[in-house]
Amino acid sequence: MNMEDASRIDRLYRYSRQMLVPQVGREGQEKLLEARVGLVGCGALGSVIANHLVRSGIGLLRIADGDRVELHNLHRQMLYTEEDVRERLPKAEAAARHLRRANSEVVIEPVVQVIDEDSLGEFAADLDVLVDGTDNFATRFVINDYCVRRNRPWVYGGVIATTGMSMTIVPGEGPCLRCFLRELPSREQSPTADTAGVLSITVAIIASVEAGEVIKLLLQPEARNRGLLMVDVWELDFERLEIPRDPACPSCGSGLTGETPGLGVVAQ
Ligand SMILES: [Zn+2]
């Protein structure tokens with residue numbers, strides 16, 4: 001065995017229990033180590049998604065978030081600490097600091113910026129998959145339209161109170177987010193954690209599903225979620241709805257306008 005092989009095996013040791021899972025194996029682990037993933041928003045969902053992906057050993061995680069860590073985040077945003085609140089750290093930077101302590105082998109690129117139509121192109125240009133850690137549909141529409149145009153897979157996830165949803169979008173091979181939700185919902189129609197609250201257990205379930213979908217897209221895309229997963233953690237209801245592709249979809253169908261409607265302020 002030469003030195004290079006020996007150091008490779010050393011590097012893989014931390015993933016030994018993950019590689020025992022047949023769906024991953026050594027070949028899958030090598031693929032993960034080469035993967036480049038973009039996380040848009042690193043609040044509650046993003047904290048859990050980033051933790052899974054970094055500990056699983058993806059090659060690069062680029063994290064965009066324009067907010068700073070606040071005390072009322074800590075009940076559900078699992079990456080952050082009271083120290084981050086005291087230092088008023090930007091979430092992307094605090095996340096990178098904590099994640100590097102968990103796995104120094106992963107390249108972590110914090111981007112302290114709100115993602116919108118103008119900034120997404122540069123953020124996502126060289127990434128394999130995008131994953132949704134946002135809390136609003138305006139940003140999700142931007143991600144969706146970009147991914148449909150660039151033929152890039154992405155994973156949607158959202159939570160509110162005790163309920164959550166997730167959908168995995170592979171452009172050209174199934175519905176996109178706007179096949180299911182054509183128009184941007186108004187603020188009244190789309191409550192957030194700030195208005196309707198959220199439980200950390202809801203977040204952890206949906207974010208874990210999202211991270212799992214990213215891993216499947218990288219290793220075995222045919223195993224992905226092909227419907228809209230709807231979860232209620234209080235009722236312990238898990239349901240998967242079939243979403244048909246809409247031929248008149250404004251993003252992936254004949255209704256293509258090339259514009260994302262209703263975009264003013266994009267808050268994260
Ligand atoms: Zn569509």
Side-chain angles (χ1 to χ4, degrees), residues 37-41 45-46 49 64 114-125 127-160 163-192 206-207 209-218 220-231 238-268:
V37 178
L39 171 62
V40 182
L45 290 167
I49 295 166
V114 171
I115 289 296
D116 57 19
E117 258 175 308
D118 295 329
S119 57
L120 184 58
E122 191 180 339
F123 175 82
L127 300 175
D128 301 316
V129 181
L130 294 181
V131 54
D132 175 17
T134 70
D135 64 357
N136 69 86
F137 280 101
T139 312
R140 291 177 184 126
F141 272 34
V142 169
I143 298 170
N144 185 72
D145 291 358
Y146 174 88
C147 286
V148 167
R149 278 200 306 274
R150 299 299 173 102
N151 209 19
R152 186 95 31 101
W154 76 283
V155 180
Y156 153 65
V159 286
I160 200 70
T163 62
M165 294 198 277
S166 181
M167 184 171 165
T168 301
I169 291 128
V170 178
E173 293 184 28
C176 79
L177 184 67
R178 290 174 71 183
C179 288
F180 140 66
L181 194 70
R182 190 180 283 204
E183 299 300 329
L184 194 61
S186 67
R187 279 184 190 276
E188 297 73 54
Q189 288 169 319
S190 75
T192 68
I206 293 296
V209 167
E210 289 189 76
E213 289 298 301
V214 171
I215 290 170
K216 284 192 263 173
L217 285 170
L218 296 166
Q220 199 185 358
E222 62 278 12
R224 70 185 182 272
N225 170 21
R226 288 170 187 272
L228 176 71
L229 176 72
M230 302 178 71
V231 175
F238 287 71
E239 197 181 353
R240 194 152 49 159
L241 298 183
E242 210 171 296
I243 304 290
R245 191 163 174 195
D246 176 3
C249 169
S251 187
C252 73
S254 62
L256 185 66
T257 60
E259 291 171 9
T260 307
L263 278 185
V265 178
V266 180
Q268 285 204 15

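Hydrogens, waters and symmetry mates play no part in the numbers below; they use all other heavy atoms, side chains included. Both ligands and their constituent atoms are indexed starting at 1 by order of listing.
- The environment of CE in M165 is crowded: more than 12 heavy-atom neighbours from other residues, nucleotides or ligands sit within 6.0 Å.
- Side-chain contact annotation: S251 with D145, donor-acceptor N/O pair under 3.5 Å present.
- Annotation: cation-pi geometry satisfied between R140 and F137 (NZ/CZ under 6.0 angstrom from ring centroid, within 45° of ring axis).
- Counting only protein atoms, the N, O or S atoms lying less than 2.8 Å from the Zn ion (ligand 1) are C176 SG, C179 SG, C249 SG, C252 SG, ordered by chain and residue number.
- By the side chain to side chain donor-acceptor pair (under 3.5 Å) test, S190 is found to be paired with no residue, residues two or more places apart in sequence or in another chain being considered.
- With sequence neighbours left out, the side chain to side chain donor-acceptor pair (under 3.5 Å) criterion links D128 to no other residue.
- Residues that satisfy the side chain to side chain donor-acceptor pair (under 3.5 Å) test with T168, not counting sequence neighbours, are E213.
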